[in-house]
Amino acid sequence: MTARATETVDEFESHRPRMFGLAYRMLGSAEEAEDVVQDAFLRWNGADRDGIDRPGAWLAKVITNLCLNRLTSARAQRERYTGPWLPEPVVTESGALGPLESAEQRDAVSTALLVLLERLTPTERAVYVLREAFAYSHREIAGVLDVSEANSRQLYRRAAARIAAPENRLRAEVEEARLRELVKSFITASQEGDLAGLEKLLTADVTFCSDGGGAVRAALRPIEGRDKVLRFLTGPSVRAVASMRLDVVEINGAPALVARAGDTLVATASFEVRGGAIAVIRSVLSPAKLAFVERQLTEGGQGWSPSGAPVGP
């Protein structure tokens, strides 16, 4: 490889984490985000870089437009999706989605927010992500999307209003330590079949949502209400959980559950908390959607397990 080619690759790689973070927030899919970043590299490799004054801005525009193209077709596909659609989980303990040092940064990659972003148009989503997650000015966003600054502001106001609507209320802020203890308690009660213990952890209006993608057995509609959720969690379809290894791992900026049957990752679950109790459980069971986090854990993701052993093979 020539010095020029090496420089080209090194320059691109220096932007890769930011590009992946942008693509993931846009698409809600780690696998697709990786594909988009690879497509961006092909464009970068074939571009006249002498005419690129700001590589970061150039790449952000390429990534955003590639994502917009995918979102247009993804919307139709997700309308035919089997059961509820949930974003692919990502282990964030090692900084896969950038620094998550504040509650705002963690909420920006939360499963709850990614679900809400699905309700926006592709362009609204692009404006919201660039503004909220990457602190782009409306002038910069206008340059990325080839719109006017006024249009960027209008799109952002519309997107922010939808996200902030009362029916879309995100989980109330809860200290990470408290959420981790709730998840640990949930794991212990689940493995011990402690119905009373589980009941104490859930709000009366708790919702359970699972994404099997039609590949594995999962609830085809959200389950609402503590009694119904408890019956599901303690029913025969999930009773095998007692023999699984359940661990706590930071996923999408918050403590979450990962479940293994032997060496196979079979599920993740993220939690929203309100009033000190679990109000929403979102579980991903689709093998295709677990592939990325499986690789992360295999490469050294860490977490808590009831035995005190580190997460990972």
Work out which heavy atom in [X] is nearest to a heavy atom in [Y]; give both atom names and the distance.
X    : Y    : result
L198 : S190 : CD2-OG, 3.7 Å
K228 : E224 : CD-O, 3.4 Å
L68  : M26  : CD2-CE, 4.0 Å

Whichever hydrophobic residues join L285 through chains of side-chain contacts under 4.5 Å: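 Besides L285, the hydrophobic cluster comprises V216, listed by chain and residue number.
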Between the main-chain N or O of G225 and the side-chain N or O of D205, is there a donor-acceptor pair closer than 3.5 Å?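 No, D205 side chain to G225 backbone: no donor-acceptor pair under 3.5 Å.
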Find out if a path of hydrophobic residues (ILVMFWY) with successive side-chain heavy-atom gaps under 4.5 Å connects [X] to [Y].
X    : Y    : result
L246 : L195 : yes
V115 : L220 : no
V229 : V280 : no

Considering residues at least two apart in sequence or located in another chain, which fulfil the side-chain contact (heavy atoms from CB on, under 4.5 Å) criterion with [X]?
X    : value
E140 : R54, Y136, S137
R70  : L27, E32, D35, V36, D39
A256 : I251
N151 : V147, S148, Q154, L155

Validation row, ring centre F292 to ring centre F20 under 6.0 Å: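 Yes, the ring of F292 comes within the 6.0 Å limit of the ring of F20, centre to centre.
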Testing K289, R217, R282 one by one against D211 for a salt bridge (Lys or Arg N to Asp or Glu O under 4.0 Å), which residue passes?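 Testing each of K289, R217, R282 against D211, the sole residue satisfying salt bridge (Lys or Arg N to Asp or Glu O under 4.0 Å) is K289.
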Salt bridge (charged side-chain N to carboxylate O under 4.0 Å, His left out) partners of E31, counting only residues at least two apart: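 Salt bridge (charged side-chain N to carboxylate O under 4.0 Å, His left out) check on E31 returns R295.
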Can you say whether the rings of F271 and F186 are parallel (under 30°), tilted (30 to 60°) or perpendicular (over 60°)?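 Rings of F271 and F186: perpendicular, as their planes differ by over 60°.
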Are a donor atom and an acceptor atom from the side chains of E132 and Y156 found within less than 3.5 Å of each other?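 Looking only at side-chain atoms, Y156 and E132 do form a donor-acceptor pair, the distance falling under 3.5 Å.
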Can you tell me how far apart OG1 (T268) and CG (L86) are? Round to the nearest 0.5 Å.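 Rounded to the nearest 0.5 Å, the OG1-CG separation comes out at 8.5 Å.
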